[in-house]
Amino acid sequence: MMCINVDSLPINEKIKDILKKRGIQKLNPPQTEAVQKGLLDDKPLLIVSPTASGKTLMAELGMVSHLINKGGKAVYATPLRALTNEKYVTFKDWEQLGLKVAMTSGDYDTDDYWLKDYDIIVATYEKLDSLWRHNSPWIKEVDYFVLDEFHYMNDPERGPVVESVAVRAKRKGTILALSATIGNYKQIAEWLKADVVATNWRPVPLKEGVLYAGNKKKDFVVMYKDGTSRKVYGECPIVAFTLDVISKDGQVLVFRSSRKYAEATAVKISQFMNFVKLNDKKLHEVAESIKEVEDGGSNEKEALYNLILKGVAYHHAGLSKGLRDIIENAFRDRIIKVIVATPTLAAGVNLPARAVVIGDIHRFNRKVIGFTEYIPVMEYKQMSGRAGRPGFDEYGESVVVVRTKSEVDKVMQRYLNSDVEPLESKLGSESAFYSFILSIISSEEDVTERTLTEYIQDTLLPKELAKKYFKQALNWLLDNEFIAQEGEYLTLTKFGRRISDLYLNTFTAVTIKDVLTRNGKGCELAYFHMLAYTPDGPLVSITKAEEDVLLDELDCELFIEEPYDEYELSNYLSSLKVAFIMRDWIEEVDEDTILGRYGIGSGDLRAIVDTMDWLTYSGFHVASVLGLEEHKEVLEKLHMRVKDGVKEELIPLVKVPGIGRVRARLLYSHGIKTPEEIIMNPEKVKQLLGPKLGEKIVREAARAIT
DNA sequence: TCGAAGAGTGTGTAGACAGCATGTC
DNA sequence: CTACACACTCTTCGA
């Protein structure tokens, strides 16, 4: 195919200038095809192509030409906050055209109520869904929807939201869906009423293979899909292959199926890095910056410090955001040579490497006890697709570690030579379907059964199933008083409106409602446990040792009784562990102590606290809307203590920006107990916190009061 | 008598979205 | 609904 020159595109000269400034002279094949199929003329498209094949640029061209030719607004939806952030930064370029770009998600908040003034809005799928539910006036003006990483629709938990966003976007404007390769793209395109651009084009070719680890000698064989093979030598297959790539000045991304393996593999590789030439000065700088991270645990920092000096790091969700950022950036700058990661890095931000090692193809499934499954082909593609850095590598290389001879063919067949799973509707679960119905009723006007039927017909759910669920959903939502019927119209009750606005799972809502109405005031632990034991609660793993003692350590009565079912019991205990963690947290137990006591990472603690913050807030509002005054008071107080992890007496202090649990306690123990007292004793504050920080805090306190 | 290789046993197991209220130096 | 990988201990076997 002839690729189009930027110069000959039928677009505004300013757009061309921006492209050229980025060094783009020519569109690549998939981009060219997209343009030919009407990308610049507002045509709905489904683009199915590998990682790094330039989909983001297509989205930019689609959005910008729509905005320039037709006005309106464009939303770019992604499944991850980190991606939202990444795209936002990229799209900022277009402000040169006078377009305004914003982003919004749970934690990065450009600015919600100002969004009406923006042209391009980057948001997570959930946030977009939430904005619709809240009926933000500006959202009606959105008429161009980019649905990024659309294959997320196959995710059992997050997929339903992607699908429901697609259903609505289809009615309200033009869809540009971007996806990694999927099996049934024709069917999906038909459903989206979009034309298809499907390619396997990659900017850097990919060599896929298996790394056979069968023999116990020190040489291992890499067998490529194309029939060629080569040998690598070393301590074990992963080490041998990794060192081989690094010695040729490449970087390696190793994927492992658990955190423990990731850490162990990183340590093992680091033991052989003495033979590699490294930039010690830069590595030292990175290692030092690890020590200064504010949100990391001491043990994590210590472990990473030593690894990084050898050019290696591990990476998983147990690490705090600060630590992960440093590692990702140092790898991007080619200072760190190897990252051993769990699947965090497979789907996340853009972080390519010369070579990718896929250490395991099995993964434990915590939803079914004792069940291990093969990772989906989609996930294999996501991981292997990280191989090959445009501009640096001639080709990328990905290998799957295979431990037995019989598995060599199996892996070849199952992963290297296989199509990706088809996209299917995941709305066929009670919880997902009920939420979908609730969201339609909360965002549309004058909803009748007929309105809902039309929406449901627009989903990808098989007709029979949809019909069955529909009746069931209406009855359930009516019975549980989320919605009410007024003549032929369906409206939200006050309770239903609250739940929808809070973005709570309907089953979470019913659990909270039932527990609170049936019980009087309980202990802190009981509230935390109830909230954690809902579908929206955080999950933590429990060891055998913990399993035995958790119930013994219980010193007050819970709201919910111990279940008999084995699976439910493990959830029950997991929630109890969350409750204990939360109680320690708001009792100001030292962070390192909490991490050690419960065997979790700093990133885990942050995630648990965030979720519980939202849930205590939600619990407070549920109690409030139900008129349960006693519970409402307790939950309100808990919520205020959860965010910063403090006892009640510190609440006034942590409201000052820059003061967290540690600084607040320090000030309090020296007699400074409120923002007012900070202002009255500036010298003492400076003495306690240091001159620079002290001054800043005094200023913030003054602002906080007014 | 020692050590290597092999058999048996116990243990643990990925990630990450959502509210709200405010203007970041 | 179809486990695996690893660490660790115990057992066997040969020189």
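What you are looking at is a predicted structure, and each value in this text was computed from that prediction instead of being measured. Throughout, a chain's letter reflects where its sequence line sits, starting with A, and its residues are numbered from 1.
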Whole Å only: how far is the NZ atom of K696(A) from the P atom of dC25(B)? 8 Å
Under 4.0 Å from OP1 or OP2 of dA16(B): is there any side-chain N or O of T611(A) that close? no
Can you tell me the distance, in whole Å, between the OH atom of Y617(A) and the P atom of dC20(B)? 6 Å
Do the side-chain N or O atoms of R81(A) get closer than 4.0 angstrom to the phosphate oxygens (OP1, OP2) of dA18(B)? yes
Considering only dC4(C), dG15(B), dA18(B), which nucleotide approaches the side chain of E126(A) most closely? dA18(B)
Is it the case that the side chain of E95(A) and the backbone of V101(A) share a donor-acceptor pair, with hydrogens and angles ignored and the cut-off at 3.5 Å? yes
For atom C1', what is the distance between dA5(C) and dA14(B), given to the nearest Å? 16 Å
Return the orientation label for the H631(A) and Y527(A) ring planes: parallel under 30°, perpendicular over 60°, tilted otherwise. perpendicular
From the list dT24(B), dG19(B), dG15(B), which nucleotide is the closest neighbour of the side chain of D155(A)? dG15(B)
When you measure from the side-chain N and O atoms of T124(A) to the phosphate of dA18(B), is any distance below 4.0 Å, counting only OP1 and OP2? yes
Has R158(A) got its NZ or CZ under 6.0 Å from the middle of the six-membered ring of Y125(A), at an angle within 45 degrees of the ring axis? no
As a test of reading the structure: which of dA18(B), dG15(B), dA5(C) is closest to the side chain of E157(A), going by heavy atoms? dG15(B)
By nearest nucleotide on DNA chain B, pick out whichever of H315(A) and E700(A) is the more 5' one. H315(A)
For H316(A) and dG15(B), what is the distance between atoms NE2 and P respectively, to the nearest whole Å? 7 Å
Within this structure, what is the NZ-to-P distance between K426(A) and dC17(B), rounded to whole angstrom? 20 Å
What is the separation between atom CH2 on W614(A) and atom C1' on dC20(B), rounded to the nearest whole Å? 13 Å
Among dG15(B), dC25(B), dG19(B), find the nucleotide with the atom closest to the side chain of D613(A). dG19(B)
Give Y374(A) one of three labels, base, sugar-phosphate or nothing, depending on what nucleic acid heavy atoms sit under 4.0 Å from its own. nothing
Is H639(A) side chain donor-acceptor paired with the dG19(B) base, going by distance under 3.5 Å alone? yes
From C-beta outward on R498(A), which listed nucleotide comes closest to its side chain: dC25(B), dG12(B), dC20(B)? dC20(B)
With a cut-off of less than 4.0 Å, is there a side-chain N or O of S541(A) near OP1 or OP2 of dT13(B)? yes
Set out, in order, the CA-CA distance, both residues' side-chain angles and the distance that settles side-chain contact (heavy atoms from CB on, under 4.5 Å) for R498(A) and K494(A), then state yes or no. CA-CA 6 Å; R498(A) 250 284 152 232; K494(A) 236 175 121 188; over 6 Å; no
Verify the contact: side-chain N or O of R699(A) to OP1 or OP2 of dT24(B), cut-off strictly under 4.0 Å; return yes or no. no
Heavy-atom donor-acceptor pair, T616(A) side chain to M612(A) backbone, under 3.5 Å: yes
Presence of R158(A) side-chain N/O under 4.0 Å of dG15(B) phosphate oxygens OP1/OP2: no
Output yes when at least one side-chain N/O atom of T342(A) is less than 4.0 Å from OP1 or OP2 of dG15(B), else no. yes
Decide if atom CG of N299(A) counts as having more than 12 heavy atoms of other residues, nucleotides or ligands within a radius under 6.0 Å. no
Name the nucleic acid region contacted by R497(A), choosing base, sugar-phosphate or nothing; use a 4.0 angstrom heavy-atom cut-off, strictly under. nothing
So what does R256(A) touch, heavy atoms closer than 4.0 Å: a base, only the sugar-phosphate, or nothing? sugar-phosphate
Establish, from distance only, whether the side-chain atoms of D148(A) and Y76(A) form a donor-acceptor pair under 3.5 Å. yes
Could you verify whether a donor N or O on one side chain and an acceptor N or O on the other, from R168(A) and S439(A), lie under 3.5 Å apart? yes
Rounded to the Å, how far apart are K643(A) NZ and dA21(B) C1'? 9 Å
Options dG15(B), dA14(B), dG12(B), nucleotide nearest the side-chain atoms of R363(A): dA14(B)
How is L80(A) classified with respect to the nucleic acid when contacts are heavy atoms under 4.0 Å: base, sugar-phosphate, or nothing? sugar-phosphate
When both hydrogen-bonding distances must be under 3.5 Å and the geometry is Watson-Crick or G-U wobble, what is dC17(B) paired with, if anything? none
State whether H362(A) places a side-chain N or O below 4.0 Å from either non-bridging phosphate oxygen (OP1 or OP2) of dT13(B). no
Checking all strands, does S618(A) fall into the base, sugar-phosphate, or nothing category for heavy-atom contacts under 4.0 angstrom? nothing
Any non-hydrogen side-chain atom of M582(A) less than 4.5 Å from a side-chain atom of I608(A)? yes
What would the secondary structure line of DNA chain C be in dot-bracket form, counting Watson-Crick and G-U wobble pairs under 3.5 Å, with [ ] for pairs that cross earlier ones and | for pairs with another strand? ..|||||||||||||
For residues E300(A) and Y314(A), is any side-chain donor paired with an opposing acceptor at under 3.5 Å? no
Considering only dA16(B), dT13(B), dG19(B), which nucleotide approaches the side chain of A317(A) most closely? dA16(B)
Across the strands shown, which category fits P79(A) at heavy-atom distances under 4.0 angstrom: base, sugar-phosphate, nothing? sugar-phosphate
Give a yes/no on whether any side-chain N or O of K127(A) is located under 4.0 angstrom from OP1 or OP2 of dG19(B). yes
Phosphate-side-chain proximity, R403(A) and dA5(C), N/O vs OP1/OP2 below 4.0 Å: yes
